[in-house]
Amino acid sequence: MTILITGGAGYIGSHCCVTFLEAGHDVVVVDNFSNSSPESLNRVASITGRKIAFEEADIRDRTALERILKTHQCSGVIHFAGLKAVGESTEIPLEYYANNVTGTLELLAAMNACDVRQLIFSSSATVYGEPQFLPLTEDHPLSATNPYGRTKLMIEDILRDLAASDPRWRFGILRYFNPVGAHKSGLIGEDPRGIPNNLMPFVSQVASGRRDQLSVFGNDYDTRDGTGVRDYIHVVDLVEGHLRAHEALAALTDETNSFTVNLGTGTGYSVLEMVKAFERASNQKIPYEIAPRRAGDVAEVYADTKAAEAKLNWSAERGLEDMCSDTWNWACKNPKGYEASDG
Ligand code: NAD
Ligand code: UFG
């Protein structure tokens, strides 16, 4: 049986393909390449030595999804496809609701029609809103402050409603903290288009000389050095969490047919600690300036990891050094991301 991976050509999806292929699973990727390149799938094939099936399609195309689910005899879905930039979501909210919410609804309808009722969903720590206590446990109150976050919350609610309505469904909702790093080979990694929004890709581009300096968004937060603290998790640890989640879905019952867990390390690092760690890993100086706070940012976010340990028998293994050195290895080997290989 084959697992359908939506958004499998993207940053996390491509690493997930490697982990699942290496664990002996068959996968088929559906991606519209709106934020990725087919080259990432060639690289997945190089790493694993296995040919990878992929179908270029939009997840809003229910007919295409039904055909793909049937043709590849899929038994379950890992659902990464969607738009993910918080700032952009405030500018083009309809695109976010259409891709993320409508896309998920079409996917679920196609799955239902094909009797495939097992799904792992990429949610985000953004659904916790402003933390009321730390570490964040899965029962922390949920809220959203931007359209991107609202799409994640809406999809979670849809999955919870569906799980309650029909015991045949099996859902694993995974709330990611801050995925960083790249595969050890340096063949796949994060390849943002334009100016990176996120800290690690920006720092990496400063280290490689593509950008002059980092703007540190605020140094007057109530944190140990005044800069924002986040729970960075190595992308390979993150996708190994998906493999454990896939196994855990099989153990669910009609009475308890879903779970929701955080995927983080439980440890937070500040922006300046990340900069220092990256300087050590890359042996490059990272010039920075202190800039005003970024709208919508919170001071500190990190996960409680007990539920993941108990329900998935999983915890993150890779530390900050690996996160930085693997990011740097990917950046050095692919100074223009996948672009140079796109032809
Ligand atoms: P990504 O943009 O690299 O990957 C998403 C993939 O989905 C891309 O390949 C894109 O082309 C594809 N896609 C987008 N809309 C599509 C559509 N309508 N039909 C078919 N394919 C479509 O992003 P990522 O970092 O790999 O994130 C994967 C998932 O994890 C997303 O749902 C994201 O919201 C979630 N997430 C990411 C982070 C993060 O920091 N990277 C944090 C929390 C949650
Ligand atoms: N930061 C800077 N300068 C930059 C970029 C970021 O100082 O150029 C700071 C931010 O202010 C924050 C930290 O670095 O304190 C991390 O910022 P990121 O943009 O890398 O990550 P966020 O925590 O803001 O958000 C990310 C994803 C969201 C997801 C969230 C889950 O972008 O989609 O993690 O925790 F919802």
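In each ligand, atom 1 is the first atom listed, and ligand 1 is the first ligand listed.
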Using 4.0 Å as the upper bound for N to carboxylate O, is an ion pair formed by Arg160 and Glu156? yes
Considering only the protein, which heavy-atom contact is closest to atom 29 (C) of ligand 1, and what is its distance? Phe80 O, 3.3 Å
For His72, which residues count as a ring-ring contact (aromatic ring centres under 6.0 Å, His included) partner, sequence neighbours excluded? none
Under 4.0 Å between a side-chain nitrogen and a carboxylate oxygen: does that hold for Glu190 and Lys84? yes
For Lys84, atoms of ligand 1 separated by under 4.0 Å from a heavy atom: 2 (O), 23 (O), 24 (P), 25 (O), 33 (C), 34 (O), 41 (N)
I'd like to know if the side chain of Ser208 and the backbone of Gln205 have a donor-acceptor N/O pair within less than 3.5 Å. yes
Apply ring-ring contact (aromatic ring centres under 6.0 Å, His included) to His242 and list each qualifying residue two or more places apart in sequence or on a separate chain. Phe80, Tyr176
Number the atoms of ligand 1 from 1 as they appear, then name those within less than 4.0 Å of a heavy atom of Gly82, with their elements. 5 (C), 7 (O), 13 (N), 14 (C), 15 (N)
Identify, chain by chain and in numerical order, each protein residue with a heavy atom under 4.0 Å from an atom of ligand 2. Lys84, Ser124, Ala125, Thr126, Tyr148, Tyr176, Phe177, Asn178, Asn197, Asn198, Leu199, Leu214, Ser215, Val216, Phe217, Gly228, Arg230, Tyr232, Val271, Arg294, Asp297
Examine the proximity of ligand 1 to Asn99 and report which part, side chain or backbone, both or neither, has a heavy atom under 4.0 Å away. side chain
Checking the N or O distance criterion of under 3.5 Å, is ligand 1 in contact with Leu83? no
So is Asn178 touching ligand 1 or not, going by heavy atoms under 4.0 Å? no
Please find the pair of heavy atoms, one from Met323 and one from Val180, that lie closest to each other, and give the distance. SD-CG2, 3.5 Å
Is there any N or O on Ile59 that sits under 3.5 Å from an N or O of ligand 1? yes
Identify, by atom number and element, the atoms of ligand 1 in contact range of Phe33, meaning under 4.0 Å from any of its heavy atoms. 11 (O)
Are Asp191 and Lys336 ion-paired here, with the side-chain N under 4.0 Å from a carboxylate O? no
Mind checking whether Lys152 contacts ligand 1 via backbone (N, CA, C, O), side chain (CB onward), both or neither, at a 4.0 Å heavy-atom cut-off? side chain
Top protein contact for atom 4 (O) of ligand 1, by heavy-atom distance: Gly10 CA, 3.5 Å
Using heavy atoms and a 4.0 Å limit, tell me yes or no: is Arg175 in contact with ligand 1? no
Among the heavy atoms of Ala57, does any lie under 4.0 Å from an atom of ligand 1? yes
Looking only at protein heavy atoms, which one is nearest to atom 37 (C) of ligand 1, and how far off is it? Ile12 CD1, 3.9 Å
To the nearest 0.1 Å, how far is atom 2 (O) of ligand 1 from its closest protein heavy atom, and which atom is that? Asn35 ND2, 2.6 Å
Which residues pass the ring-ring contact (aromatic ring centres under 6.0 Å, His included) test with Phe54, sequence neighbours left out? Phe33
Distance-only, no hydrogens or angles: does the Arg170 side chain make a donor-acceptor pair with backbone N or O of Pro167 under 3.5 Å? yes
Is the closest heavy-atom distance from Ser123 to ligand 1 below 4.0 Å? yes
Give the C-alpha distance, both sets of side-chain angles, the deciding distance and a yes or no for salt bridge (Lys or Arg N to Asp or Glu O under 4.0 Å) between Arg244 and Glu247. CA-CA 5 Å; Arg244 295 282 98 78; Glu247 291 156 9; 3.0 Å; yes
Near Asp222 CG, under 6.0 Å, is it more than 12 heavy atoms from other residues, nucleotides or ligands? no
Could you check, using the six-membered ring where one of them is a Trp, whether Tyr338 and Trp330 have ring centers closer than 6.0 angstrom? yes
Under 4.0 Å between heavy atoms, the region of Tyr148 that gets near ligand 1 turns out to be side chain
Please confirm whether Pro179 comes under 4.0 Å of ligand 1, counting heavy atoms of the residue only. yes
State which residue, out of Thr265, Asp322, Asp326, fulfils the side-chain hydrogen bond (donor to acceptor under 3.5 Å, both in side chains) condition with His234. Asp326
For atom 35 (C) of ligand 1, find the nearest protein heavy atom and state the residue, atom name and distance (0.1 Å precision). Ser122 CB, 3.8 Å
For the residue pair Leu107 and Leu65, what are the closest heavy atoms and their distance? CA-CD1, 3.6 Å
Ser36 heavy atoms within 4.0 Å reach ligand 1 at atoms 8 (C), 9 (O), 11 (O)
Carboxylate-amine/guanidinium contact Asp61 Arg67, below 4.0 Å: no
For ligand 1, which atoms sit closer than 4.0 Å to a heavy atom of Ser34? 10 (C), 11 (O), 13 (N), 14 (C), 15 (N)
Within ligand 1, which atoms have a heavy atom of Ser124 less than 4.0 Å away? 43 (C), 44 (C)
So that I can tick it off, tell me whether Glu279 and Lys285 are bridged by a salt bridge, with the cut-off set at under 4.0 angstrom between side-chain N and carboxylate O. yes
Any side-chain heavy atom of Arg230 within less than 4.5 Å of one from Tyr302? no
Closest approach of any protein heavy atom to atom 13 (N) of ligand 1, naming residue and atom: Asn32 OD1, 3.4 Å
Determine the interplanar angle of the Phe20 and His246 rings, folded into 0 to 90°, and report it as parallel if under 30°, tilted if 30 to 60°, perpendicular if over 60°. perpendicular
Give me the residue, atom name and distance of the protein heavy atom closest to atom 3 (O) of ligand 1. Tyr11 N, 2.8 Å
For atom 6 (C) of ligand 1, the protein heavy atom that lies nearest, with its residue and separation: Gly7 CA, 3.6 Å
